[in-house]
Amino acid sequence: MSLSISNEQLIAAAESFGTPLYVYNADRIVHQFQQLKQAFSTSNVRIFYACKALTNINILKLIRQSGCQVDCSSVNEARLAIHAGFPAEQILYTSNGIGFSEIEEAVSLGININIDSLSNLEKFGQRYGHSYPVGIRLKPNIMAGGNLKISTGHEKSKFGIPIEQIQEVISLMNRYQIQIAGLHIHTGSEIKDVSVFMQVTDLFFDLIPSFPELKFLDLGGGFKVPYKDDDTATDIRLLGEKIRGFEEKITQTYQRSFEIWFEPGKFLVSEAGYFITSVNVLKVTSATTFAGVNSGFNHLIRPMFYESYHRIRNISNPDAPLQHYTVTGNICETDTFAWDRAIPEIREGDLLVFDNAGAYGFEMSSNYNSRYRPAEVLIKGGEAHLIRKREVFDDLLRNQVELF
Ligand code: LLP
């Protein structure tokens, strides 16, 4: 099992499949899941991969084969999961802001559902009464996560039923005999501090007596992975110990037990992914030296959208002395990947690799500037397999209706 992909393998992939190119390491994804399994081995935990991070069908199949389950944020993701072979029972659908018809579709697929508004909960009660178990997503008023755009549990967040409206949830449950089987709270992405998860378990602990049919407590995703060299990840082993303690406290206090659910996205796929670009132009200015690559925020939006840091490596000239570059793309809008970054000397034609590109990389790409979305490659068993073709000109016109 190899946890990282060597420069030689990345160069070979770029030569075979061209750039820009997303490359994923199957071993690393399986390893990350094993880490979680181990950390929670003494608990009654179920892990659902938050597939919004990366939905390539081969990744979904790999995740399924490794024994992990899947969390979806749209019915289409659930359909992809079914296509990848997940049984309905292993699919979780955590909706937000959707029309009730999408919940009806989810019910018809027989998958697990978390509802996040009183309005949809009431419709659910009217339509299904006690016949279909359901989880409810709550907004706990906890500020957590790497930046405001990816924080979802704070007071002003749109996600979940506000915790202060819990009495209304209970009234709806009683009025329609709704089978509330789960409580769900996801406070954000890139949560380093284990105590955030334990704040959520404290909330759950107090709510348990109000919900006699509870089967699961869902703590969402959001485990942090290192992006920078000195970054630390969420301490999964410590979290495992704390969860064990939480389970014991529940048993002692209530003589009940529940499944604990997690929905990690980044933790499973971020570090397994690499994004390879080629340097088109070097431009020396009075402010900085630009290294312009054959990509942009149309392919990797995280730096521009979240000011995210991705390590950038020159795999064509790795041992050269460091110089400072501003790495930008080729689209007709400012698309800075990194400002004034120390990188081994760059020459036009060199391959620059962005690390941590597995999660929310390809998945958030677009055709802006009518450029093609990149190809995707999976390295498995030492071999590079093309898992998504690079787009071609016809793809740009595919769904357009030409009137003239
Ligand atoms: N569960 C729910 C309900 C979520 O909303 C999310 C992420 C996850 C699980 C998985 O979170 P993760 O383990 O991946 O942190 N595009 C942003 C991240 C947005 C996360 C959205 N929700 C980024 O690139 O940083």
Side-chain angles (χ1 to χ4, degrees), residues 48 50 52 71-74 92-104 106-107 112-130 132-191 193-222 246 250 254 258 260-263 265:
F48 297 80
K52 76 199 76 177
D71 170 50
C72 302
S73 50
S74 69
L92 171 62
Y93 172 46
T94 301
S95 60
N96 169 255
I98 55 162
F100 188 66
S101 60
E102 202 167 311
I103 292 183
E104 289 177 313
V107 170
N112 299 289
I113 303 171
N114 285 323
I115 287 185
D116 99 323
S117 68
L118 285 176
S119 149
N120 273 334
L121 187 62
E122 173 143 35
K123 289 175 193 154
F124 192 88
Q126 287 165 348
R127 175 86 165 78
Y128 300 107
H130 189 263
Y132 201 95
V134 73
I136 48 164
R137 179 172 187 174
L138 297 168
K139 179 173 73 72
N141 303 331
I142 294 172
M143 179 58 96
N147 63 64
L148 195 55
K149 284 202 178 97
I150 56 174
S151 297
T152 51
H154 59 87
E155 208 191 326
K156 292 184 178 160
S157 163
K158 68 165 183 166
F159 295 97
I161 301 171
I163 191 92
E164 55 277 15
Q165 293 171 12
I166 199 72
Q167 280 313 324
E168 283 152 87
V169 172
I170 294 169
S171 305
L172 287 175
M173 175 177 78
N174 293 335
R175 186 172 326 141
Y176 300 105
Q177 300 300 304
I178 304 171
Q179 193 189 145
I180 295 194
L183 301 177
H184 172 283
I185 289 179
H186 168 83
T187 55
S189 191
E190 298 185 19
I191 302 166
D193 193 353
V194 167
S195 70
V196 170
F197 293 97
M198 302 328 289
Q199 271 176 269
V200 173
T201 58
D202 287 348
L203 277 177
F204 283 161
F205 185 79
D206 294 338
L207 293 174
I208 287 170
S210 305
F211 296 95
E213 296 191 274
L214 272 193
K215 295 193 176 54
F216 67 88
L217 300 172
D218 183 342
L219 287 139
F246 174 54
I250 293 176
Y254 299 120
F258 304 103
I260 308 290
W261 292 8
F262 285 106
E263 307 161 354

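A side-chain donor from one of Tyr93 and Glu102 sits under 3.5 Å from a side-chain acceptor of the other. There is a side-chain donor-acceptor pair under 3.5 Å between Glu164 and Asn141.
Inter-residue side-chain proximity for Glu104 and Tyr128 is flagged as met; some heavy-atom pair is nearer than 4.5 Å. Put simply, the side chain of Ile136 does not reach to within 4.5 Å of the side chain of Met173, judged on heavy atoms. Taking the side chain as every heavy atom from C-beta outward, Phe48 and Trp261 approach each other to under 4.5 Å. Glu168 has its side chain out of reach of Leu121: every pair of non-hydrogen atoms, C-beta onward, lies at least 4.5 Å apart.
Put simply, the residue from Asp116, Thr152, Asn96 that forms a side-chain hydrogen bond (donor to acceptor under 3.5 Å, both in side chains) with Lys158 is Asn96.
A donor-acceptor pair is defined here as one N or O able to donate and one able to accept, closer than 3.5 Å; such a pair exists between the side chain of Ser151 and the backbone of Ala144. In this structure a side-chain-to-backbone donor-acceptor pair under 3.5 Å is present from Gln179 to His130.
Distance check, rounded to the nearest 0.5 Å: CD1 of Ile113 to CD1 of Ile103 gives 6.5 Å. Between the CZ atom in Phe258 and the CG atom in Leu183 there is a gap of 8.5 Å [rounded to 0.5 Å]. Considering CG of Leu92 and OG of Ser73, their distance stands at 10.5 Å, rounded to 0.5 Å. Atoms CZ and NE2, from Arg137 and His186 in turn, are 6.0 Å apart once rounded to the nearest 0.5 Å. In this structure, the separation between CG on Leu138 and CG on Asn114 is 9.5 Å, given to the nearest 0.5 Å. Atom-to-atom distance recorded for Ile260:CD1 and Asp218:CG is 9.5 Å, nearest 0.5 angstrom.
Note: Tyr132 and Phe124 have perpendicular aromatic rings, judged against thresholds of 30 and 60 degrees for the angle between ring planes.
With sequence neighbours excluded, the residues satisfying salt bridge (charged side-chain N to carboxylate O under 4.0 Å, His left out) with Glu122 are Arg175.
Taking both residues in full, the closest heavy atoms of Asp71 and Thr94 are given as OD1-OG1, 3.3 Å, listed atom of the first, atom of the second, then distance. Looking at every heavy atom in both residues, Ser210 comes nearest to Ile170 through CB-CD1, 3.6 Å. Here the shortest heavy-atom pairing between Thr187 and Pro140 reads CG2-CG, 3.9 Å.
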Could you go through residues 194-208 and list every donor-acceptor pair under 3.5 Å that involves a side-chain atom there, pairing it with any protein atom two or more places apart or in another chain?
{"unit_1": "Ser195", "atom_1": "OG", "unit_2": "Asp193", "atom_2": "OD1", "d": "3.1"}
{"unit_1": "Ser195", "atom_1": "OG", "unit_2": "Asp193", "atom_2": "OD2", "d": "3.0"}
{"unit_1": "Thr201", "atom_1": "OG1", "unit_2": "Met198", "atom_2": "O", "d": "2.7"}

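Contacts classified as salt bridge (Lys or Arg N to Asp or Glu O under 4.0 Å) and involving residues 146-155 (residues at least two apart or in different chains) are not found.
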Output, in order, the C-alpha distance, side-chain angles, deciding distance and verdict of side-chain contact (heavy atoms from CB on, under 4.5 Å) for Leu217 and Ile185.
CA-CA 9 Å; Leu217 300 172; Ile185 289 179; over 6 Å; no
Evaluate Lys123 against Phe100 for side-chain contact (heavy atoms from CB on, under 4.5 Å), listing each step before the verdict.
CA-CA 7 Å; Lys123 289 175 193 154; Phe100 188 66; 3.7 Å; yes
